[in-house]
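Let me begin by presenting the structure, written as structure tokens, before commenting on it.
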Amino acid sequence: MKSQEIRSEFLEFFKKKQHKIVASAPMVIKDDPTLMFTNAGMNQFKEFFLGNTEPKYARIADTQKCLRVSGKHNDLEEVGKDTYHHTMFEMLGNWSFGDYFKKEAIAWAWEFLTEVCGIDRDTLYVTVFEGSNDADNLEKDVEALNLWKEIVPESQILFGNKKDNFWEMGDQGPCGPCSEIHVDIRSAAEKAKISGASLVNNDHPQVVEIWNLVFMQYNRKANGQLESLPAKHVDTGMGFERLCMVMQGVQSNYDTDVFTPIIREIETITNSSYGKDEKVNIAIRVIADHIRAVSFSIADGQLPSNTGAGYVIRRILRRAIRYGFTFLDTKEPFMFRLVNVLSDTMGKAFPELKSQKQLIENVIKEEEHSFLKTLDQGLVLLDTIISNNKGNQIDGRKAFELYDTYGFPIDLTALILQERGLTLDEKGFDVAMQEQKDRSRSASEISKEDWTVLSKDLEQEFVGYDLLETNVKLVKYRKVTSKKDGEQYQLVFNLTPFYPEGGGQVGDKGYLEAANGDVIYILDTKKENNEIIHFAKNLPKNTAETFKAVVDEKQRRRTEANHTATHLLHQALREILGTHVEQKGSAVHSKYLRFDFSHFSKLTTDELKAVENFVNARIDGNLPLEEGRNVPMQKAIEQGAMALFGEKYGDAVRTIRFGQSIELCGGTHVKATGDIWHFKIKSEGAVASGIRRIEAITSDAAKEFYFESNKTLSEVKDLLNNTNDPVKMVTSLQEENAKLKKEIESLLRDKAKNLIGDLLNEIETINGIDFLAKKVDLDAAGIKDLSFEMGSNKDNLFLLLAAENEDKALLSCYISKELVANKDLSAVTVVRELGKHIQGGGGGQPFFATAGGKNPGGIAEALNNAKSYVV
RNA sequence: GGGGGAUUAGCUCAGCUGGCUAGAGCGCUUGCCUGGCAGGCAAGAGGUCACCGGUUCGACUCCGGUAUUCUCCA
């Protein structure tokens, strides 16, 4: 069976069991601070398990793209070395939210594998949780055991410990026992030698887990205790690539038709072959895996960058480039050429790959380019380190610096050292790395207390679209402590006018007012697992009373103007540049807006002007806001609303329309475009290959901008005697200035010549040395010029010049190089010794030195004593 | 968010421990030479040494801050 069919058979199977089939959520997570990427099929349903939101369907099934590269599940460095680890993979899953439980989950899993997929029953093993004797004191999962006994021979049922058979998504949150299904795909001969049962959960590449059925029945609290969940859920996950391996009768995920087209392409592009040399095999697997992870992330709108999720993507891409560089001898960008075949094979199930193909290629190519440059630079630096090194071990700290500051991969360093017969001080490197980690951790340490729940109000309504002020009651709160912000309280209300940060728009600020007039400031508002969390410095004294919640109106109004302007800008760009323009990021603050979009070249001045005019024309039109709340997704799309890739939308969406601009948007907007007042682009530039950024201002900020530039202009005009053409005036002033400068220069040159002439005449010859000590009326630079000029006229010159400037004394001494060499004279000693008379010190080079001092009265004395050096 | 590095001519970069009248290669301008292959020779223009402040007789160089950017950690 082809992988495409396996995927659709799975979805079809559960559709028949009354499951709603939903689309994969984006792989990059945007509204959960605890997680950067979707790392399990259940992520998009987390809020249902936590009970923050009521699910619309009790049964759901899907295929979810996942990425495991950081945090608890970190497989990155394993990928490629074996045949079954991946960064990105698909997770097939079926869910029950308070609906069916263990009985159906077990029976259906078995039915799908044995009847739909036709997998031999004798090759399957199942595991059941054995219970635990630790603090949790959990019982054996007898319920699951009995259910399995009905369909599987007991010899194929095994017991698993807490590590393998008790699933937890993190330190806190829902959890429960699980049953795994493993499959033994070894040859008959090998099966005869060792029983499959003894190899389950033993990292055998051909006895692998393919499906995990999790039975969520507990909630883990911050203090580590478990409490029973009111409604029990089922969460299952089956590795798609592994299932394909079993179904296609091959021994490795990389031999399934999910990967073979990519591998063939790598072989062609890099002129290598898979299956001969293990080092090459590893490199090819790394590249085949990573190109998927990176391409999907970019399609989800996450570009490689140097922070957060973007940094993880960059690291994955660089790891692949590195393997190519070392083992496939690729010294030019090549990964971007794989996007084509990837989009051909997976574009059907994931259309974002097809529509974003050009962008994905551009971004990857650009990254490859810059990393190859980093490698080049690193190779040079490593060469210098090696040639300056004594002994045959390289200091670990040096290697760490190379890695930390210049981004040169440590394994490449080790490899190169090995080739040259040197060793790396790995301990020193590890120590330095640990120090770096400790620094980062202590800087970002954050501790959260358990929520104090005051009432069980499930619906936390957002009323901020209509109200900026309303009475609220506290539902729950907790204290969080971090090094950066100190102690803060997170507050959740039954309803709130505060907009939580999202869709690029910043969270609202404002305050809470108690009945007695006490005020608590709300510093920021964010969304976490579909709850609106308000950040405050203090906790109200009486948490039970009703508060007046007031949003900072000025900031909100300005932000709204910028948000609406962002929509109009988006429309303008698509209208003027073309429909290839897609939003790639957006930041809406009260002071400015920032909009990133896909476009291939720099905008011309004319285009920028046209965009500005387009937006301002719509502002002049004073288009009213037409808001649709709870519009069915399908209907919104039919109306022409723009949905963004990498965003998660529900079935009912909110549409925002101003004239012809319609977007799906949860943000807040002006009542009519006239409120924006004016739109002004401040800058346009590139953020990545194929991505441009526009920064702009509106309303008060635009007023301020014009006020300021107008003020400057009037001041300039004022200075130019109120001319009505300041540009012409300044141009002619500049020309005149340049002319005058030249004239002054030549005059000064003449003057210096005369001065030099005079001074040359004053020189007395003492013992064959041309000597002169004199006070002149010049600054330090002038004296230097003069000295060097005179020095070029005389070969045996001893020149001491002094000057007085702003109550300070300056001495400078020039001694021709011949004298320095032959007579053992040094200008440095001269100025140091004579400097005493002016209460100062100095230095320089043997043939020219200067000294400064606080006592101009001593200049005469210093000049008088100069002669002693030549007599 | 935290650490480290970088910012010098249009471009790519030197400039050690504070004192060199801030340099090189490429590019540019001008002139001359020349049957070519990045033509040769000569002359020249081009610098707020990122910005602000401090230390010092003296800062491209040292210290603090800001901006931009690279990089590592989270």
Side-chain angles (χ1 to χ4, degrees), chain A residues 33-36 69-72 74 304-312 314-315 318 367 369-371 373-378 380-381 384 388 397-410 413 429-430 432-446 482-485 683 685-688 738 742 752 779-792 802-814 817 826-828 830-856 858-859 862:
Chain A
T34 62
L35 208 56
M36 284 197 268
V69 281
S70 56
K72 195 178 153 199
N74 190 349
S305 73
N306 57 357
T307 50
Y311 177 57
V312 176
R314 170 169 285 172
R315 259 178 38 196
R318 292 191 167 187
E367 272 292 310
H369 230 89
S370 77
F371 186 54
K373 216 175 137 185
T374 303
L375 288 180
D376 271 347
Q377 184 196 14
V380 173
L381 287 167
T384 22
N388 291 337
R397 285 195 178 271
K398 283 258 170 64
F400 180 76
E401 188 193 330
L402 195 58
Y403 167 75
D404 180 52
T405 303
Y406 300 101
F408 195 74
I410 187 62
T413 304
F429 179 87
D430 291 342
M433 175 68 102
Q434 196 52 47
E435 284 170 10
Q436 158 93 308
K437 287 187 174 175
D438 292 343
R439 255 199 312 273
S440 287
R441 194 165 301 125
S442 74
S444 63
E445 215 152 59
I446 187 163
S482 69
K483 199 164 185 176
K484 186 174 159 266
D485 298 321
S683 70
V687 258
K742 275 195 179 158
D779 64 351
I783 287 181
K784 202 173 192 177
D785 265 348
L786 184 67
S787 303
F788 279 85
E789 194 62 40
M790 289 183 65
S792 67
E804 186 179 340
N805 265 323
E806 292 166 9
D807 290 336
K808 280 189 175 177
L810 184 71
L811 288 182
S812 102
C813 178
Y814 181 95
K817 286 186 180 164
S826 165
V828 177
V830 173
V831 295
R832 286 231 171 99
E833 286 170 12
L834 295 178
K836 285 172 190 156
H837 299 291
I838 54 166
Q839 290 176 27
Q845 305 139 86
F847 76 101
F848 183 77
T850 55
K854 284 174 279 194
N855 177 27
I859 288 178

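Throughout, protein chains are lettered first and strands after them, A, B, ... in sequence-line order, and every chain is numbered starting at 1. No hydrogens, no waters, no symmetry mates; every other heavy atom, side chains included, goes into these values.
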Rounded to the nearest Å, what distance is computed from the [atom1] atom of residue [X] to the [atom2] atom of nucleotide [N]?
X	N	atom1	atom2	result
A/Lys373	B/A6	NZ	P	16 Å
A/Phe848	B/A22	CZ	P	11 Å
A/Leu786	B/U21	CG	C1'	13 Å
A/Asp430	B/C72	CG	C1'	15 Å
A/Gln845	B/A22	CD	P	11 Å
A/Asp438	B/A74	CG	C1'	12 Å
A/Leu381	B/C70	CG	C1'	13 Å
A/Tyr403	B/C70	OH	C1'	15 Å

Heavy-atom side-chain contact between [X] and [Y] under 4.5 Å:
X	Y	result
A/Ile783	A/Leu786	no
A/Tyr814	A/Lys784	no
A/Ile838	A/Ile859	yes
A/Arg832	A/Cys813	no
A/Leu381	A/Phe408	no

**Request:** Report the residue (A/Lys784 or A/Glu401) whose heavy-atom-nearest nucleotide on RNA chain B is the more 5′ of the two.
**Result:** A/Glu401
**Fill in**
Whichever of A/Phe408 and A/Ala809 has the more 5' nearest nucleotide on RNA chain B, that residue is A/Ala809
What integer number of Å spans the [atom1] atoms of [N] and [M]?
N	M	atom1	value
B/C28	B/G15	C1'	24 Å
B/G1	B/A14	P	30 Å
B/U12	B/C20	P	27 Å
B/C62	B/A43	C1'	40 Å
B/G40	B/U34	P	15 Å
B/U66	B/G5	P	15 Å
B/U61	B/A50	P	8 Å
B/C26	B/C63	C1'	36 Å

**Message:** So, OP1 or OP2 of B/U71: does either fall under 4.0 Å of a side-chain N or O from A/Arg318?
**Reply:** yes
Name the pairing partner of [N], where a pair is Watson-Crick or G-U wobble with both distances under 3.5 Å, or state none.
N	result
B/U69	B/G5
B/A14	none
B/U61	none
B/A38	none
B/C49	none
B/G44	B/C28
B/U55	none

Using a cut-off of 4.0 Å on non-hydrogen atoms, how would the nucleic acid contact of [X] be classed: base, sugar-phosphate, or nothing?
X	result
A/Tyr406	sugar-phosphate
A/Arg397	nothing
A/Gly843	base
A/Gln436	base
A/Gly407	sugar-phosphate

Can you tell which of [options] lies closest to the side chain of [X]?
X	options	result
A/Thr374	B/C20, B/U71, B/G3	B/U71
A/Phe788	B/U21, B/G19, B/A74	B/U21
A/Arg439	B/G19, B/C72, B/G3	B/G3
A/Arg314	B/U71, B/A74, B/C20	B/U71
A/Lys437	B/C73, B/U21, B/C72	B/C73

**Base of B/G3 paired with side chain of A/Thr405 (donor-acceptor, under 3.5 Å)** = no
**Base B/G3 to side chain A/Asp404, donor-acceptor N/O within 3.5 Å cut-off** = yes
**Prompt:** Should A/Gln434 and A/Asp430 be marked as a side chain to side chain donor-acceptor pair (under 3.5 Å) after you check the CA-CA gap, both sets of side-chain angles, and the distance that decides it?
**Reply:** CA-CA 6 Å; A/Gln434 196 52 47; A/Asp430 291 342; over 6 Å; no
**Request:** Any chance you could measure A/Asn855, atom CG, to A/Glu804, atom CD, to the nearest 0.5 Å?
**Result:** 9.5 Å
**Prompt:** Is the A/Phe848 ring parallel, tilted or perpendicular to the A/Phe788 ring (thresholds 30°, 60°)?
**Reply:** tilted
